Amino acid sequence: MKNYRGSILFVAGFAIALSAGWLAFPRAEYERQNQPIQFSHKVHRDKGGMKCEDCHAIRDDGTFSGIPAVDKCAGCHAAPMGTTDEEKRMIKRYIEPNREIPWLVYARQPENVRFSHAFHVKLAKLACERCHQAHGDSNSLPAFERDRVSGYSRDILGDPSLANAANRHPGMQMDDCIRCHQQRGVQDSCLACHK
Amino acid sequence: MAANKSARYGMVIDLDRCTGCGACMVACAIENNVPPANAKATERTGITWMRVHRLGNGRPFPDSRAVFFPILCQQCGHHTPCVAVCPQNAVEVDAATGIVDQMPQRCLGCRYCMAACPYHARYFNWWDPAWPAGMEKTLNPDVAPRMRGVVEKCNLCHGRLHRAESKAAAEGRRDIAANDYVPACVEACPAKAITFGDLADDQTEVAQLARSEGAFRLLEKLGTESKVYYRSERPWVHQAVKSGIGKEPQRG
Amino acid sequence: MDRSYIARGLERCTTRRFLMWLLPWTLLLAFGLYAAGLCLFKGLNQTNMDNRFAFGLWIFLDLTVIALGAGAFFTGFLVYILRMHELKAVINSAVVIGLVCYSGAVTVLMVDVGQPLRAWFTFWHPNVHSMLTEVTFCITCYLTVLAIEYLPLLLKNRRLRQVPSFLVFEFELHRVMYVLAGVGTFLSFFHQGSLGGLYGVLRGRPFAFREALGVWPSTFFLFVLSAAAVGPSFVLLTTWLVEKITGHQLVERTVMQKLGRLSGVLLIVYVLLKTIDTLVWMNRTVPGEGFSPQQFYGFEPFGVWILFAEIVVFGLLPAVVLLDARRRASQAWLLTAAGFACFGVALNRFVMTIQTLALPTLPFDRFLSYWPSWQEVGTFLAVVAYGVLVYSLSYRYLILFPQERDLKAR
Amino acid sequence: MGLGRRDLLKLVGGGAAGFFLTPVPWRLIDGVAIRTESWPGVPDPPRGEVRTRYTTCTLCPAACGVRARCVVDQPVSLAGVASHPASAGVLCPAGLCGHHLPLLPNRLRQALARKGDNFQPVGIDAVAGAVATALADMRQNGSAERVAVLDARPGRTASLMYRRWLRAAPNGTYLLAPSAEATAPMGIDIARTGTVLSFGAPVLDGWGTPGRVLEARKTFRLIQVETRQSRTALLADGWLPIRPGTEAALALGIANVLIEEKLYDAAAARNASDFAAYAALAAQFPPQRAAQLTGIPAQTIIAAAHDFVGHGPAIAIAASDPGGGPLGEDEQIAIAALNVLSGSIGREGGFLPRGEASRPAGFEEAALAPEQGIAEVPDASIRVLIIDDARAAGTWCWSAIERKLAATHIVVAMTEFLEGAAQHADFAVPAPAYLEAGEDAPAPPDVPAAMFSLAGALLKPPPEAVDGAAFLNQVAGGGPALADVLKQRVAAIHASRRGEVFHYADASRTAVRDVKSAADLWKALEEGGCWIDHQPTPHEKPLFAILGDAPDRVLEAASGRLPADAQFPLALVPYGWRGAAGGAISPIMTKLYQESDLRPGGDTIELHPDTARKYGVADGHVAIVQTRCGSCQRRVRVDESVMPGVIQAEVGPSASGNCRPEALLNACGVAGDGTWRLARASLRRA
């Protein structure tokens, strides 16, 4: 009996640690933040008949405009076009006072990463979906998840092994870049993609 | 993704034109987000990717003469001293450009590469990089500031190479235009003493200057095949460089 | 009050006296930890190192300490592989010394790097061509080996023996001890070498650069040899020191002399090779890199004398003494010679690290001077204090010198 | 039975074992390592669209074209404008980091009034009020005292406004800054010059328009006459290390050789009414005597004379040192006279007379107060002194100005920083900094054709800041704004139909007559452009006097300015560099002064090893330099290139960061003619 008792306790501790590490930690690791306002890429594409590059353009100098400034939104939404409260909120909060919308950028790479959209879109002819998946079809913006430890967005620094159905597949980690570059036989030095 | 595959970027510095004004040092610091010195920093703990030294002829007034010697990473192409020693591959020679890359985010700050570099072209971040409050907004968005405790050095303004590449890509070109990529020090030199370009291409001015009379490299016998050349018409300069160390301490 | 922890038949001072002995070392440790803390949290600007003196006191002492700690692997090698059983008398002590030296060195290295949180990158993205990678791997592995070798000593403790499973475990350990010793020797051999290689490969530092024999520069082998040579001497010295402090005789005199002779033999070989190496360096390597050897010795205070001191005064001299049976017989000669040998190796490590960095390489360079800051010194003192504490505790509660009991009985 | 110690150990043991089979430890060490990339110590550069904008540098008279790389609206780096007519695509180190100046922490953001030794905030109207009352008071009892504006950057449109304002003010006096690089009526055709004989002018280290000069360096020979082995001396074709204060003697010595050997331009000499007198004066300085005075061997002097005229157009120049102040007037005469002998005046490759950008109506010379040197004003005569801008005035010897102030006086400093002359003012008024002020840049002193550039503002000035003109308007209760007058001036230029516009953006040129309207011209200039006059100004060679009214003063100057002094055996030679001598500089300048010793900096003196030995100091020691007028403490640098018996002291920033040139400059003292270039000094270890 006595010996058993010892082993049981050991196993118990073992089990507790495992469950904590595999189940609790992945949730605790990320802090979830909601976007300042909801936004539907789908609506803008289908109803608005817009293409990605209408808002996310590559400038002449090869830099990428990223998420458009609020005046771009104001271009159409000076007055409500739809009936959603979300749109009204946006107009009231940001367009009227002409305040920039503090978007939380899922794909925002670390400061030391240099990613040229010009290269991948214009030369390599990659489609947006190649990295951004179906983000362009999304009807709503999921919560932004920030890794509490590294401070980076889950999309660029999530652990794929922890990726569950709930969140998008993280396809923008260094490993993903390297994998794709290897498949296409692109030889790179560190500073080709870091700055 | 560097353009012009197998380029060997390098420069020739005309010591007879360098006035030692320091424009290259300032331009370099601004371009590469090198912070102003910490109050306690000295000429041995500062960060100057490009640093102008003064080499005297060792003779007293009025026969004393001196030459200004801009020193930056010499971009060694062979036996590159810093590459082999780095324990975690934070340093490498880019096959596409011949530029010696230093990855501050990979560096653990062991400083072995600094001991290895005979040109003293590597600098350690002894302090957190600090700009006077409000001056962070003058930082160059194309270069990531480094953190305390890592080594950094000249990478021939890699940010500018990136810029040139992106511009080319936007225009649908893979190769960059030669005059789209010029390091900050070269652009800034008021005396136009620095010629920059692709040494692998015999047609470039830099390649021809590198082969010209009076051109030399530092510590050539180490066989590091550095890509930074110097030239001077003054015989004593060549003498001083040949005779190597063991002279009076020099200023600058 | 801690009687029950002390092995039977061993005479130890009162707890009170023991605590009094520990007190100053503990204070020193605390101070040192504070200094190290400053370097970790405020950054290495707390030290007097700079871009030109990228390495300083710490690297020099790490190299020295590890050379002296070599006693552990080498004695182990002699006892378990070459079956020199009379050396069993000091093997335990040697293991503790080794453990202390290596763990201490590793700790200081962690403070020495600018980004300790990234230190593990070396294991994840290793550059196999770098001597430092070799050093890191070997030292960490060998540290583990030492820890395992230390375990049986620990388990022999009078109280711990009462746990039956521990007893079994310890017995098992003893059976693999030969394997461990082998592995330890191998690892240790390598990193002693790679520590030598550390500077020998620096093509950009003509003063340190040595030509390669196979994949390693000659310093690789010289370091192994010199470490092996002084290892026994250092064990000898410490043993004698412990005897003096505790007032007990701990080992047979013959053992000491045996250690001395071993040192002597290896040292003479080392001195020979070192001389050859130096001549090759002067006449081939240095001119090949476009310098002349005189240039390196033109800067005071590092004149040619330092070379002479290293090879003759602290190399040849002790070797000769240690090889002479009559001299060896005299305690004074033996210890002095051993001391000289250890100092000689320390001097060699100093020349390789500090002098190399002090020397200019470019026409407009200056010959540099460097003096460690109190934070650097403090951090190292912490390691010394830590060593003394670990050794003292081990000596009190474990059996470091098997012969002690019998010698006392006589 | 409860949980014993051993049970607990087992539980923990199991936990530990399990822990290492979870992702936790690995995620943690990885995450923590990655966090070091962006931990608090690391700043985030701005993000946004990168734009290129153009303006003109106003930090010194060179008026270089500036290409600013901006993230949205914030300049992040500055560079030269390719093939710019004056700067040839070049900026100096100071210009390269000019965009830091508006952001410096010690920026003056509100008006201050002196209370005892320190300042306290005050409204600008209060300052204007104080000045106004003083003026009213002066008017009332018709006092002979003066109201003066001291202009550190003469030649601007603002300068014209000052002068017009002063014309109306009681005894209004317009003063040129002591060491200001005067806007000469003649430019230098350096591109075609054969030989430049420079008396201490930092030709290659911040003189005139550096870009233009350095570009031409390939073609002209340079003979540098200087005590100090300056950067210019190092790169000159010949360096004549001259005994301090004997420049005039050398000039006359060379003249002597040229006249004796008939090597001079007789035709040009005929235009000089007093050539005979000049020749007679030169005759007193045969090479041997000149050699005695200057310490330069007679043979060298003769060779230099031949060298001077032997390679085509030859000019002799003497410039005021950015730190050491101006050369004496008499020395300047002696040196300028060499240009008569070489016939370089009004000739290609020499000095070319030039006009200036047309002025708007109401700013004719007659309507303005005349330009005056500070030395011309009697002592204790200035009641109200307004300084613009005090930053550029960082290297004046204050005592040169102080002695001109009346017993009761008001000094107002228009300045961006509480530095330089502002520290001595009664009121400090915040001015727009570089890149904030929408102003004009006058033609650089040495360009051969008239020029006019706008320095368009890239940044908004702080709300409190006012420019000099606005302040004077506030004092006078109304008047035109600088911007309006600038527009008028551009209109006047457009009306003149002279010259052409150089566009910074594409280095193209448009003739003014092809510019449709004044508004278009304004637009072109403000977006980045400069106007260049291209029709040469017609000029007839009038009779003029070389020595003016001062032949004996020149003789006196030539006989040596620095009499021996047993108590103060050494010669103290202050010097500076245009880029950093005056007041505030960007913190990045630590690269030059602290992180390298490329320039000695404002806390050192340089000595010859023998001098050092003689006075018991060594490299690194702190020494006290003592003169009749004062003393200062500095760190010794032993340098073999220094002339024995000379103390070289840079006026400029110091490695320790605090730039306080006053101590040194005051120690130098001010000579009767308003110079402080030289002083006798003694040295001892502190």
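Letters A, B, ... are given to chains in the order of the sequence lines, protein chains preceding strands, and every chain is numbered from 1. As the structure is a prediction and not an experimental result, all values here were calculated from the model.
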Peer 1: Check whether B/Pro104 gets within reach of chain D through its side chain, its backbone, both or neither, counting any heavy atom under 4.5 Å.
Peer 2: neither
Peer 1: Does the pair B/Val34 and D/Lys591 meet the rule for a side chain to side chain contact (heavy atoms under 4.5 Å, CB included), with working shown?
Peer 2: CA-CA 10 Å; B/Val34 179; D/Lys591 302 292 165 210; 3.4 Å; yes
Peer 1: Just so I understand: if I count every heavy-atom pair under 4.5 Å between each of B/Gly20, B/Ala41, B/Pro35 and chain D, which residue has the most?
Peer 2: B/Gly20
Peer 1: Side chain from CB out, backbone as N, CA, C, O: work out which of these in B/Lys137 comes under 4.5 Å of a heavy atom of chain D, or both, or neither.
Peer 2: both
Peer 1: What part of B/Arg106 is in contact with chain D, defined as an atom under 4.5 angstrom from a non-hydrogen atom: side chain, backbone, both or neither?
Peer 2: neither
Peer 1: Considering only NZ, NE, NH1 and NH2 on the basic side and carboxylate oxygens on the acidic side, decide whether D/Arg69 and B/Asp142 come within less than 4.0 Å.
Peer 2: yes
Peer 1: Suppose a student defines contact as a heavy atom less than 4.5 Å from any heavy atom of chain B. Which residues in residues 76-83 of chain D would they list?
Peer 2: D/Val76, D/Ser77, D/Ala79
Peer 1: Please determine whether side chain to side chain contact (heavy atoms under 4.5 Å, CB included) holds for the pair D/Thr36 and B/Gln105, giving the CA-CA distance in whole Å, both sets of side-chain angles, and the decisive distance to 0.1 Å.
Peer 2: CA-CA 8 Å; D/Thr36 58; B/Gln105 289 74 24; over 6 Å; no
Peer 1: Would you confirm whether D/Glu595, through its side chain, and B/Glu43, through its main-chain N or O, come within 3.5 Å as a donor-acceptor pair?
Peer 2: no
Peer 1: Heavy-atom distances under 4.5 Å only: say whether B/Arg17 touches chain D with side chain, backbone, both or neither.
Peer 2: both
Peer 1: Give a yes or no answer on whether the side chain of B/Arg54 reaches the backbone of D/Leu598 with a donor-acceptor pair at less than 3.5 Å.
Peer 2: no
Peer 1: Is B/Trp131 in contact with chain D via its backbone, its side chain, both, or neither, using a 4.5 Å heavy-atom distance?
Peer 2: side chain
Peer 1: By a 4.5 Å heavy-atom criterion (distance strictly below it), what part of B/Cys18 contacts chain D: side chain, backbone, both, or neither?
Peer 2: backbone
Peer 1: Report which part of B/Asn38 has an atom under 4.5 Å of a heavy atom belonging to chain D: side chain, backbone, both, or neither.
Peer 2: backbone
